[in-house]
Protein chains: 2
Amino acid sequence: MGDGAVRSVRADARRNIEKLVQSAADVFRERGLNAPLEAIAQRAGVSTGTIYHRFGSREALIDAVVPDYAEDQLDEAAAGAEACADPWDGFALYVERVCELQASNLALNDVISRNHPGTAKLAEVCRRSQEQARRIAERAQADGALRADFAVEDLLFVFWSNAMLIRFTAETAPDAWRRSLAFTLDGLRTGAAHELPTAALTPAQVEQVMAGRGRAAI
Amino acid sequence: MGDGAVRSVRADARRNIEKLVQSAADVFRERGLNAPLEAIAQRAGVSTGTIYHRFGSREALIDAVVPDYAEDQLDEAAAGAEACADPWDGFALYVERVCELQASNLALNDVISRNHPGTAKLAEVCRRSQEQARRIAERAQADGALRADFAVEDLLFVFWSNAMLIRFTAETAPDAWRRSLAFTLDGLRTGAAHELPTAALTPAQVEQVMAGRGRAAI
DNA sequence: GGTAAAGTTGAGGCTGACGTCAAGTTGAGA
DNA sequence: TCTCAACTTGACGTCAGCCTCAACTTTACC
């Protein structure tokens, strides 16, 4: 009795849903958003058919499991950055924190590098997060520390690179990305700037790139 | 008549081999070293069985088609760099030229980012090429232009990033990599340097990363 | 406790790739 | 021109993942 909203879901079914949500979170964290559903089902002690019955698709499962968590983590990173007194430190901290998220959670790695076709809620999380990033970057630019020709869209390059680096080195040299990121940040300071050869991606181009990516996982 | 080495290969067979070599070069260039062999066979007007009969494996086909070309192009890039009067300009030119190779030829993209398990000749080409890169980098470091804490192994980060960026943006924004590379190079100048958090990958780690990469194509 | 509705299962079909092999085709020397 | 070794073929078996559905099991309500 009680909440009518889920009255129609039987107790055993609800237990399975909860187990699936939990194991999906675990498996996505460990193996990324392209992990085989088989692995998730198995960890939940259930067959893959159940996943399809309960959620309908991988995308829906992702949307049920990942966005809230992702949003929390990204918000926290942004809040930490905005709390920094020094605008450059805030920007650097933000980028580093986001990269840390990528390293610690392959699901977030896929979220942050936009490696997730067709998941509505996640797309929204990314959009919001990009606005936070824009504020953080603009503050650092207004302060003169972040080079003026940097565009938020360029952050995508950073996060893509980081995503890939993490995938490659997670087992062998799990801190390698920090070195790469340090080089990158050094190139983003105003003092380091030399003329750029090309304009930043437009938001439309970013969309197009995402759309065209298809199966080409990082 | 003529070369006894291939006396035993029938004329039609030799024609097929030549057609396969040509179409493999084309397809690898357009689609990378993981292109379906089916595509290569089809363009040569032949069935995939023929590829296996003639070459035995994808790796052997790659080794027959790619290394010489790759070596030529990489040597040329290195020569251009060493001919530069200014050591930094030479270094920057080298990196840019290599990235251009990646952009113009997805086979080279895979070679340069070491995306090719089990191909002996290519591995040797990479090794040689890395020695050239080391010389070019060391000259720029001796001149004080390239930051002293940069290691040749770090170039791999650059080429990996570039490989991925090219795959993602080839159709939408084929020059995007130039912008990303410009940021990167700005971070490699001595003037931009801040302390790095981690040591460079050791050659052994590089090996390990390559070995562990397995199917995880860029 | 009986039963219908809800839930779960796992085999099976699909896809797109790889690599193999028995059978058919063809070139070149006699 | 004939013949057979050399060559090519394409159907086949495999693999790994996705998704579906008819048959089976369990729950919860009466």
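Being a predicted model, the structure only gives us computed values, none of them experimental. Chain letters run A, B, ... following the sequence lines, proteins first and then strands; every chain starts at 1.
- Residues forming a ring pair (Phe, Tyr, Trp, His ring centres under 6.0 Å) with A:Phe91 (at least two apart in sequence, or on another chain): A:Trp88, A:Phe150.
- Applying the side-chain hydrogen bond (donor to acceptor under 3.5 Å, both in side chains) criterion to A:Glu124, with sequence neighbours excluded, gives A:Arg127.
- Whole-Å rounding puts the A:Gln42 CD to C:dG10 P distance at 12 Å.
- Remark: B:His53 engages no residue in a side-chain hydrogen bond (donor to acceptor under 3.5 Å, both in side chains) (not counting sequence neighbours).
- As rounded to whole Å, 14 Å separates atom C1' of D:dG10 from atom CD1 of B:Ile51.
- For D:dT8, one of the phosphate oxygens OP1 or OP2 lies less than 4.0 angstrom from a side-chain nitrogen or oxygen of B:Asn16.
- Among residue pairs with one or both ends in residues 30-42 of chain A, those qualifying as salt bridge (Lys or Arg N to Asp or Glu O under 4.0 Å) are A:Glu30-A:Arg43; sequence neighbours excluded.
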Quick tally for nucleotides 15-28 of chain C: nucleotides whose base has a protein heavy atom under 4.0 Å get B, sugar-phosphate-only ones S, the rest -, giving --SSBB-----BSS

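- With sequence neighbours excluded, the residues forming a side-chain hydrogen bond (donor to acceptor under 3.5 Å, both in side chains) with A:Asn162 are A:Gln102, listed by chain and number.
- With a 4.5 Å cut-off on side-chain heavy atoms, A:Val206 and A:Arg114 count as touching.
- One interatomic measurement links the two molecules: CZ of A:Arg14 to P of D:dT27, which rounds to 14 Å at whole-angstrom precision.
- Here B:Glu76 pairs with nothing under the side-chain hydrogen bond (donor to acceptor under 3.5 Å, both in side chains) rule; sequence neighbours left out.
- Following rounding to the nearest Å, A:Phe55 (CZ) and D:dC18 (P) show an atom-to-atom distance of 16 Å.
- Annotation: proximity of residues 17-28 of chain A to DNA chain D (heavy atom, distance under 4.0 Å) is found for no residue.
- For A:Glu100, the salt bridge (Lys or Arg N to Asp or Glu O under 4.0 Å) partners two or more places apart in sequence, or in a different chain, are A:Arg97, A:Arg178.
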